[in-house]
Amino acid sequence: MPTPGPPAPRTSASARAAVLSGLGTSLPPRVVTNDELAQRLDTSHDWIIERTGIARRRVAAPGTTTAALATAAGRAALASAGRSSCETVIVATTTPDRSCPATAPSVATALGLTGAAAFDVSAVCSGFVYALSVASSMIVAGLCGSVLVIGAELYSAIVDPDDRSTAIIFGDGAGAVLLERGERSAPGAVLHHDLGSDGEGRDLITVPPGERFLRMRGREVYVRAVPTMTASARRVAEAAGWRPGEIDGFVGHQANLRILQSVAKRLELPDERVIANIAEVGNTAAASIPLALASAAGQGRLARGDRLVLTAFGGGLTWGSTALLWSGARPVHQEVEPLS
Ligand code: COA
């Protein structure tokens, strides 16, 4: 007879919540600076840093897969939580290794989790926030007790190296969190979600049918991103019972530092409550929010119990926000390894 495990916590459905227990990241080792890009594109370090806040980004070596990045970040998140398994794996990505099947089953198997439920979420730069809401809802509904939510991107596969309007912005990387069943009052509790979309804007960030590379109408995206992110962050804060000024940390999708600063200004948040690591990694789409969280947590900028709002905006158009209490999880970083 197997030894029975500890009894499941007696949590009523209304008090039950998904609680963030682990945080992991993975970045390819190669750093590409603005000066390196300026050697082959009609741009400059000064233009890029002033217009975007980006100083450098990571670019994966040829042969690196999204699954490899996702697996390394997932393994790191499990290690951060002190766990070796989980019941469900969700990968949010714009750059799956194959259009069919999804990336998540390969990631689950590479993590030794064959048999786990595994699927991808496709919501471009909002993918992580969307996946977080699905994962948290699965836990609250009692469908499973633990979900690994991974945002993983290999934008170097879809960015036109000769297009200065996108090649300067995007980078590769992955970030992951482990959510486990717990209570709404616990540090780490995921409290509320706000999700939306507008398909009229589908051509603003797109890989046109039959083409290989991403095209972005940056200025048009920018002017929509600021009010939409502000409104979404406000809605989720209000649902959590927080006035905007009570948000301890605003973790926006790292698309452009000026967007983050404009949203924070509208939310009446001082600069020190804006979490930004865009200078180091650029825009990593669905990986951006967990990478920013890990960077802030690693620098000791987040305290256990802090009221955090995560807000994303991107292709689709899609947007979304999550309100959560910071858990105090210590981020773990893992180098990306090729999948065997
Ligand atoms: N280096 C130098 N000049 C550049 C350049 C580059 N890398 N990229 C564009 N330019 C030029 C343009 O050609 C344009 O020149 P023109 O005035 O002679 O026509 C000028 O700079 C201004 O271009 P514009 O696109 O209006 O710049 P911008 O200030 O809007 O900055 C982005 C461009 C892409 C950085 C900015 O629009 C942005 O961040 N958009 C939002 C992206 C986003 O949120 N995406 C969502 C998630 S992916």
Side-chain angles (χ1 to χ4, degrees), residues 32-57 92-95 122-130 151-173 196-207 213-233 250-264 266 274 276-279 281-292 310-321:
V32 175
T33 62
N34 293 343
D35 284 337
E36 183 178 338
L37 289 177
Q39 285 168 15
R40 59 177 179 78
L41 291 170
D42 181 14
T43 190
S44 65
H45 170 74
D46 288 350
W47 192 95
I48 300 171
I49 200 90
E50 276 166 26
R51 298 291 183 115
T52 69
I54 300 169
R56 53 191 73 83
R57 70 287 293 144
T93 186
T94 321
T95 54
S122 177
V124 196
C125 298
S126 311
F128 184 77
V129 169
Y130 266 73
E153 298 286 13
L154 197 68
Y155 260 65
S156 52
I158 61 166
V159 163
D160 179 350
D162 297 324
D163 177 3
R164 69 176 181 174
S165 70
T166 53
I168 60 152
I169 289 176
F170 293 98
D172 299 334
S197 77
D198 177 4
E200 289 285 337
R202 63 187 168 276
D203 293 329
L204 299 183
I205 305 171
T206 184
V207 178
F213 293 131
L214 180 86
R215 301 290 168 209
M216 180 168 79
R217 302 203 323 241
R219 169 92 351 219
E220 288 168 71
V221 175
Y222 189 111
V223 296
R224 291 172 197 228
V226 173
T228 309
M229 290 175 76
T230 307
S232 179
F250 174 66
V251 191
H253 166 53
Q254 309 282 305
N256 186 313
L257 187 59
R258 291 186 297 142
I259 294 179
L260 297 177
Q261 289 167 338
S262 299
V263 174
R266 289 165 185 230
V274 178
N277 69 335
I278 188 168
V281 295
N283 179 343
T284 56
S288 147
I289 284 180
L291 283 171
L310 322 180
T311 300
F313 182 88
L317 299 170
T318 55
W319 57 85
S321 294

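Each ligand, and each atom within it, is numbered from 1 in the order the structure gives. Values below: all heavy atoms of this structure, side chains included; hydrogens, waters and symmetry mates excluded.
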Can you give me every donor-acceptor pair (side chain of residues 38-48, partner residue at least two apart or in another chain, under 3.5 Å) with its distance?
from: R40; atom 1: NH1; to: P161; atom 2: O; distance (Å): 2.6
from: S44; atom 1: OG; to: W47; atom 2: N; distance (Å): 3.0
from: H45; atom 1: ND1; to: N34; atom 2: ND2; distance (Å): 3.0

Is any NZ, NE, NH1 or NH2 atom of the basic residue among D203 and R215 found under 4.0 Å from an Asp or Glu carboxylate oxygen of the other? no
Sorted by chain and residue number, the side chain to side chain donor-acceptor pair (under 3.5 Å) partners of S156 (sequence neighbours excluded) come out as D172
Are any protein N/O atoms closer than 3.5 Å to the N/O atoms of ligand 1? If there are, list each pair with names and the distance to one decimal place.
from: ligand 1; atom 1: 1 (N); to: T43; atom 2: OG1; distance (Å): 2.7
from: ligand 1; atom 1: 3 (N); to: W47; atom 2: NE1; distance (Å): 3.4
from: ligand 1; atom 1: 3 (N); to: R164; atom 2: NH1; distance (Å): 3.4
from: ligand 1; atom 1: 7 (N); to: T43; atom 2: OG1; distance (Å): 3.1
from: ligand 1; atom 1: 7 (N); to: R164; atom 2: O; distance (Å): 3.1
from: ligand 1; atom 1: 13 (O); to: R164; atom 2: NH2; distance (Å): 2.8
from: ligand 1; atom 1: 26 (O); to: R219; atom 2: NE; distance (Å): 3.3
from: ligand 1; atom 1: 27 (O); to: R51; atom 2: NH1; distance (Å): 3.4
from: ligand 1; atom 1: 29 (O); to: R51; atom 2: NH1; distance (Å): 2.7
from: ligand 1; atom 1: 29 (O); to: R219; atom 2: NH2; distance (Å): 3.0
from: ligand 1; atom 1: 29 (O); to: R258; atom 2: NH2; distance (Å): 3.2
from: ligand 1; atom 1: 30 (O); to: R219; atom 2: NE; distance (Å): 3.0
from: ligand 1; atom 1: 30 (O); to: R219; atom 2: NH2; distance (Å): 2.9
from: ligand 1; atom 1: 37 (O); to: G218; atom 2: O; distance (Å): 3.2
from: ligand 1; atom 1: 37 (O); to: R219; atom 2: N; distance (Å): 3.4
from: ligand 1; atom 1: 39 (O); to: N256; atom 2: ND2; distance (Å): 2.7
from: ligand 1; atom 1: 40 (N); to: G218; atom 2: O; distance (Å): 3.0

Qualifying residue for side chain to side chain contact (heavy atoms under 4.5 Å, CB included) with E153, from N283, I158, V124, T95: T95
Option passing side chain to side chain contact (heavy atoms under 4.5 Å, CB included) with L257 (candidates T52, I54, I278): I278
With sequence neighbours excluded, what pairs up with D35 under the salt bridge (charged side-chain N to carboxylate O under 4.0 Å, His left out) test? none
